[in-house]
Amino acid sequence: MSRSTFLVAALPLFAATLAFAQFVPLVDKRYKYPDEIPYKADTDFLARGGQTGYNRCNSTTEGQNSLCQTAFTNSIDDFCLWAPINPNSVVGDVEGEMVAWCTKPGHGARTIPAGTLTGVQFMKTPDYVQVVGFLDQTKINLAAGDFGGEMDPHGADLRGNPLGGLLYSNAFGTDKNNFKQVIEWHNFIGGNAFCFKACDPAGPNAAHFCEHIFDRIGCAYNAPNNAQNGVFESCLGENQDFPGVYVTNGVTQTYQQPPESLGPITSIPYTARVPASSSCSQFKSEELFAAAATVTPPAPTSSSITTPGTQTQTTQTGSATTKPGSNPTSVPQTTSGSTSSSTGPPPSQTSNDASTLAISGAASILGAIFAGLFLS
Ligand SMILES: *[C@@H]1O[C@H](CO)[C@@H](O)[C@H](O)[C@H]1NC(C)=O
């Protein structure tokens with residue numbers, strides 16, 4: 001080829017390489033709230049396309065069509081979950097495009113309709129705040145029966161799930177007008193339960209408490225808790241163990257989550273310890289979520305909703321078996337003799353499906369770029 005033809009052909013390659021050189025992982029991006037919030041935190045157009053929504057959310061974006069991707073975890077009456085844009089969605093299909101659904105207006109986001117949340121426990125510990133609960137997930141656009149998956153600010157391509165999703169909290173200081181950016185967090189949702197842990201950005205172990213690599217074993221192992229359906233409470237608590245870390249016969253071990261290619265996870269060699277909690281204050285849901293009363297849920301899409309009643313026999317024994325959120329991407333458990341109500345998900349429905357695909361997708365695209373450079 002002629003020199004000029006070569007240059008024209010090579011230009012997109014250089015552009016792609018430049019874009020890659022400037023790539024910044026989502027967890028390395030810092031924006032003070034509210035002044036520094038960009039329109040979109042993610043400006044990359046790699047394998048998964050661009051960021052679906054936006055981060056600058058205000059009264060003009062507020063409402064049930066909002067595509068706001070800036071979430072908050074402040075308190076039991078003021079938190080957001082990541083949930084789908086469109087009704088009847090499966091988490092594994094849309095984890096990169098989730099938007100913020102919040103318990104009250106004021107964040108420029110969607111509002112979780114009244115009656116969606118059927119039990120919530122907010123927990124503040126030395127290193128994180130965590131909100132765990134039960135819900136009718138169809139009211140925030142999840143398909144009935146979807147056992148869901150995990151959102152976190154990493155993902156195989158380091159752009160986060162959702163892409164560009166940001167989280168803020170006023171729970172880590174005394175000034176309730178100071179919303180700190182939460183760098184490490186994880187949110188499991190599905191099986192009519194959720195858990196959302198936001199790690200204190202000043203904590204030395206934030207990345208461990210909010211570990212993101214155990215995406216197939218759900219809330220029971222990533223956010224062990226004693227939340228109960230029908231109960232709305234805000235508590236103080238001790239820290240959990242780091243997800244995946246456990247002690248057997250005095251020896252500290254780290255669980256290795258098997259790759260999905262090896263098939264469903266049928267057993268886990270430990271039960272996660274539920275840390276002690278204290279100072280719980282209980283509330284009525286109407287007093288917490290009054291502002292949501294006027295919000296209409298999306299039209300029901302199916303009548304086969306799994307009732308949360310299968311998970312209510314929670315005890316405080318430390319068994320993770322029947323805890324809320326043991327359903328999202330978790331496995332059938334036989335470790336406790338007390339109840340056996342956890343049914344476990346179909347093994348194919350975990351967020352890991354999508355991230356596994358993303359790994360191979362990103363690798364082949366980068367491989368193509370570099371192969372092209374060597375050829376030229
Ligand atoms: C409100 O949010 C929209 C969408 O992000 C943005 O375009 C607009 O500039 C914002 N308005 C203000 C006053 O910040």
Side-chain angles (χ1 to χ4, degrees), residues 19 22-75 77-87 89 91 93-113 116 139-142 151-155 157-173 175-185 187 189 196 198 201 289 291-292 294-298:
Q22 292 171 354
F23 176 79
V24 178
L26 181 59
V27 284
D28 292 334
K29 296 179 177 176
R30 299 289 184 279
Y31 310 106
K32 284 203 171 66
Y33 184 87
D35 294 347
E36 294 180 0
I37 301 285
Y39 177 57
K40 287 178 190 258
D42 188 303
T43 51
D44 301 294
F45 286 86
L46 301 171
R48 292 200 287 164
Q51 178 176 350
T52 306
Y54 38 76
N55 299 101
R56 200 175 297 150
C57 311
N58 51 44
S59 56
T60 68
T61 65
E62 179 118 1
Q64 300 313 85
N65 294 319
S66 178
L67 298 180
C68 177
Q69 292 176 315
T70 299
F72 292 82
T73 304
N74 294 329
S75 56
D77 65 343
D78 186 11
F79 64 89
C80 312
L81 300 174
W82 297 118
I85 294 171
N86 298 310
S89 297
V91 173
D93 296 341
V94 298
E95 60 180 4
E97 297 143 37
M98 299 288 225
V99 295
W101 291 69
C102 306
T103 55
K104 59 168 70 170
H107 299 305
R110 302 185 183 203
T111 300
I112 298 171
T116 302
K139 288 191 163 70
I140 54 171
N141 285 349
L142 272 80
M151 270 60 66
D152 65 60
H154 299 267
D157 57 6
L158 307 183
R159 297 170 67 195
N161 283 308
L163 297 177
L166 298 179
L167 180 66
Y168 288 82
S169 177
N170 67 9
F172 301 119
D175 179 2
K176 293 303 161 197
N177 292 316
N178 181 0
F179 296 89
K180 294 184 179 163
Q181 185 180 358
V182 179
I183 307 306
E184 297 286 356
W185 51 267
N187 175 205
I189 188 165
F196 199 145
F289 310 124
T294 55
V295 176
T296 315

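This structure is a prediction, so every number in the text was calculated from the model and none was measured. All ligand and atom numbering here is 1-based and tracks the order in the structure.
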Non-hydrogen side-chain atoms of Tyr168 and Ile37 separated by less than 4.5 Å: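 Heavy-atom side-chain distance check passes, below 4.5 Å.
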Closest to atom 9 (O) of ligand 1 (judged by heavy-atom distance), picking from Arg56, Glu62, Gln69: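 Nearest option to atom 9 (O) of ligand 1, by heavy atoms: Arg56.
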Nearest option to atom 11 (N) of ligand 1, as decided by whichever heavy atom of Asn58, Thr70, Thr61 sits closest: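 Nearest heavy atom to atom 11 (N) of ligand 1 lies in Asn58.
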If only atom types and distance count, is the side chain of [X] paired as donor or acceptor with the main-chain N or O of [Y] below 3.5 Å?
| X | Y | result |
| --- | --- | --- |
| Ser66 | Thr61 | yes |
| Lys29 | Ala41 | yes |
| Ser169 | Thr73 | yes |

Contact atoms of ligand 1, heavy-atom distance to Thr60 under 4.0 Å: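 Close to Thr60: 1 (C), 2 (O).
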Subset of ligand 1 atoms that lie under 4.0 Å from at least one heavy atom of Tyr39: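 Those of ligand 1 that fall under 4.0 Å from Tyr39 are 4 (C), 5 (O).
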Residue pair Trp82 / Cys68: nearest heavy atoms and the distance that separates them: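 Smallest heavy-atom distance, with atoms named: CZ3-O, 4.5 Å.
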Test of proximity, Tyr54 against ligand 1: N or O pairs below 3.5 Å: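 No; every N/O pair is 3.5 Å or more apart.
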